Amino acid sequence: MQLFSAVPERGLVTWSPSVTLVPTRGCFNACTYCSFRVPLDQARPLTLEQAAAELRARPAAAEVLLLSGEVAPSSPERAGWLARLVALSELALAQGRLPHTNAGPLSLREMARLGRLNPSMGLMLEGLGPAYEPLHRQAPSKRLPVRVGQLQQAGRLGIPFTTGLLLGVGETRADREQALWLLADLQRRWGHLQEVILQPWRPDGDQPQPLTAAEQADLLHTIAMARELLPPEVHLQMPPNLWPLERLPDALDAGINDLGGIDVADVINPAYPQPAVLGLQELLQRHGWRLQPRTCVHRGWWSWLPARLRLRVEHTARLLASATAQANLPHG
Ligand code: SF4
């Protein structure tokens, strides 16, 4: 498909005002680092009434991130789980929001169905190499061929897609380079990877554990490598709550140009508070960067969307631009 001015503008840093809904924390995987998951028999699925109340509480959040635990493909619960994702996507659209689903690997039919409702979707590659194997021994859907197959499937379906790497779990620089080459090859083949998240792994707990100077230097090297290896239209994203705020300009200088969806809290890393958007804006301005809200799908991929979704995205983008022009950055 044809990309439209997809190459990011220099000096511009984007973010998406978002609210995260968790359809269920129940997950049949058991990744060793995960504190989000609960066993399937203890999960309490989010009802539509609860979801509607959460959306009402966050009127300025343009993106609704549907971040879900996973049900096994062969489970009799799978159809109900998918129906909830569809219903929540429809609810988001009905409230004038844009859903972005990240719910693990999907069948072709499941992904196509959600793709008609979600302007963009996502699935982390996480990484490749021996460091990831012990983390995912009890997580069948984290196997590399499954993840790569999902990225290819999203490409075949023409769904603007977010993926990323989980960094700092013991992988080598050579592992990271290989993973970035893999993503670059997928992008050259399909063109659908609108953004790649470079996510530092951070330990859970009551207190945040900031990245050390050595860890920051190592990640800056990887950001620069990603910028060099990935095609220029791919946005490079860093979650701003996982990186020291005063060093954020260094990450931008190395190649980061997107801060992802910013909610009032991070459901995956709850000990790491989200920065205030106005404070971010002031910091970045001082360093010569312009912070701008965006929709969940970057502009270069709008032409890929079904007409109904594209109109929704364009309308939302106008609202965000108008809020910015009035110096009334969405934060709620
Ligand atoms: S797949 Fe996601 S929710 Fe499930 S255990 Fe792994 S990290 Fe946790």
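Any value given below was found using the heavy atoms of this structure, including those in side chains, with hydrogens, waters and symmetry copies removed. Everything numeric here is computed off the predicted structure, so don't read it as measured data. For ligands, and for the atoms within them, numbers begin at 1 and follow the listed sequence.
For R202 and D266, the salt-bridge test fails: no basic side-chain N is under 4.0 Å from an acidic carboxylate O. A salt bridge links R310 with E314: the distance from a Lys NZ or Arg NE/NH1/NH2 to an Asp or Glu carboxylate oxygen falls below 4.0 Å.
Closer than 2.8 Å to atom 6 (Fe) of ligand 1 sit the protein N, O or S atoms C31 SG.
For the pair E282 (side chain) and G279 (backbone), a donor-acceptor distance under 3.5 Å is absent.
Distance CD/E63 to OG/S18: 5.0 Å, rounded to 0.5 Å.
Here ring-ring contact (aromatic ring centres under 6.0 Å, His included) pairs that include residues 91-138, with residues two or more places apart or in two chains, are Y33-H136.
Under the 4.5 Å side-chain criterion, counting only non-hydrogen atoms from C-beta, N241 is in contact with P275.
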